Amino acid sequence: MLAIIRSGIAAANKEIGVISNNIANASTNGFKRSSAQFQDIYGIAGEKRAAAQVGMGTVFDASRRNHSQGAFKTSGSELDLAVAGEGMFIVAPPNAGNELRYTRDGSMRLDENGFIVNNEGHFLIGLDGDPLRLPLRRNPTEDGDVAAEELLTSVTIGVDGQINATYAGGMTGGTGAVINRGQIALARFQNEADLTSKGNGQFIINAKTGLPAVGAAGQGDFGDVLSGNLEVSNVKINDELTSMIRAQQAYSASSRMLQADSDIVKKFL
């Protein structure tokens with residue numbers, strides 16, 4: 001009996017931890033909620049019933065992520081990106097060797113060298129496998145005349161992930177030259193739930209997920225890229241609070257049972 005009570009306390013405590021993490025990340029872009037998964041414990045009932053299995057409680061198995069799509073919010077920045085449908089952005093941390101990470105958080109910006117990076121400074125990867133870069137200035141002349149230097153004035157990103165940069169200066173007469181700067185790559189997995197979390201809505205592959213299928217937005221099973229939008233968390237606060245109350249009640253009930261058992265034992269000692 002004590003084993004059942006203690007397993008119930010441990011299980012409820014784990015579920016409270018998972019739910020607390022969901023609530024804490026409810027405002028994190030691209031965050032995917034998790035749910036606690038449990039397994040039943042069985043034991044042998046005794047010599048006379050050696051073939052029977054009886055319940056011995058429950059044990060926490062794992063937390064499983066739900067990769068359903070969250071809602072979109074408009075950000076007003078062309079470099080903020082969201083995927084409508086299947087696909088994850090690919091980012092590469094600097095100085096991390098060949099490690100690639102996969103995320104639905106498309107909050108991007110330009111660094112001082114013109115690379116498109118996320119809030120942690122990880123490079124956004126294009127279809128050619130290289131980091132996407134939009135130089136802040138370009139010189140269209142061969143003689144390097146500083147007067148001919150053109151500055152980046154605007155960026156547009158299509159639903160297919162094509163990036164076009166507009167440069168204006170003396171050579172363009174104020175009209176602006178539009179230069180294609182590559183196409184955003186998307187990755188898709190057969191089993192996203194098994195990706196290994198690296199925190200901040202980023203994941204890496206493992207033996208269970210295998211290698212991703214990489215392609216362009218709008219092609220095959222890949223979704224569209226929505227520029228100027230961000231995907232919010234798929235956490236529903238009301239549902240999480242309801243689950244939290246249930247888990248806390250289970251924890252409290254198991255704790256009271258454990259205390260009652262302890263009080264009974266003391267009376268007979």
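FYI, the numbering just counts along the sequence from 1. For clarity, every value in this text was computed on a predicted model and none was experimentally measured.
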Quiz prompt | Whether S243 side chain and D239 backbone form a donor-acceptor pair below 3.5 Å | solution = yes
Quiz item: Is the side chain of T74 donor-acceptor paired with the backbone N or O of N229 at a distance under 3.5 Å, no angle test?
Solution: no
Practice problem: Check the hydrophobic clustering (I, L, V, M, F, W, Y; side-chain heavy atoms under 4.5 Å; chains of links allowed) and say if V232 and F72 are grouped together. | Solution: no
Self-check item: Test side-chain hydrogen bond (donor to acceptor under 3.5 Å, both in side chains) applied to Q69 and R104, step by step
Solution: CA-CA 9 Å; Q69 184 168 284; R104 294 279 292 194; 3.0 Å; yes
Self-check item: Residues K73 and E231 bridged, charged N to O under 4.0 Å
Solution: no
Quiz item: What are the two closest non-hydrogen atoms of V225 and F89, and how far apart are they?
Solution: CG2-CE2, 4.5 Å
Exercise. Would you check if there is a donor-acceptor pair between the side chains of N66 and S68 at a distance under 3.5 Å?
Key: yes
Quiz item: So, for H67 and F203, is the gap between ring centers shorter than 6.0 Å?
Solution: yes
Quiz item: How many angstroms lie between CD in Q162 and CD1 in I184, if you round to the nearest 0.5 Å?
Solution: 9.5 Å
Exercise. Search all heavy atoms of G70 against all heavy atoms of K32 and return the closest pair with its distance.
Key: N-NZ, 3.8 Å
Self-check item: ILVMFWY network linking M88 to I116, side-chain heavy atoms under 4.5 angstrom
Solution: no
Quiz item: Is I205 close to P212 at the side-chain level, that is, under 4.5 Å between some pair of heavy atoms?
Solution: yes
Exercise. For residues L134 and V155, determine if any side-chain heavy atom of one lies less than 4.5 Å from a side-chain heavy atom of the other.
Key: yes
Practice problem: Output the distance between atom CG (N22) and atom CG (L241), rounded to the nearest 0.5 Å. | Solution: 11.0 Å
Exercise. Could you walk me through whether L186 and V83 pass the side-chain contact (heavy atoms from CB on, under 4.5 Å) test, one step at a time?
Key: CA-CA 9 Å; L186 296 181; V83 179; 3.9 Å; yes
Exercise. Tell me yes or no: between the side chains of T196 and N206, is some donor less than 3.5 Å from an acceptor?
Key: yes
Practice problem: Consider only side-chain heavy atoms of I, L, V, M, F, W and Y, link residues closer than 4.5 Å, and tell whether I19 and I245 are in one cluster. | Solution: no
Quiz prompt | From CG (L151) to CG (L136), nearest 0.5 Å | solution = 9.0 Å
Practice problem: Classify the side-chain pair S227/E78 by whether it contains a donor and acceptor separated by less than 3.5 Å. | Solution: yes
Quiz prompt | Residues E150, R138: salt bridge by 4.0 Å N-O rule | solution = yes
Quiz prompt | Side-chain touch V214/F222, heavy atoms, less than 4.5 angstrom | solution = no
Quiz prompt | Min side-chain heavy-atom separation L132-I125 under 4.5 Å | solution = no
Exercise. Quick one: pull up CG in N118 and CZ in R101 and give me the separation to the nearest 0.5 Å.
Key: 9.5 Å
Quiz item: Between E240 and T242, is any side-chain donor less than 3.5 angstrom from a side-chain acceptor?
Solution: no
Quiz item: How many angstroms lie between atom CG of L79 and atom CG of L124, to the nearest 0.5 angstrom?
Solution: 9.5 Å
Quiz item: Is E120 salt-bridged to K198, going by a charged N under 4.0 Å from an acidic O?
Solution: no
Quiz item: In Å and rounded to the nearest 0.5 Å, what is the OG1 to NE2 distance from T103 to H122?
Solution: 10.5 Å
Quiz item: Do the side chains of P93 and F123 get nearer than 4.5 Å, heavy atoms only?
Solution: no
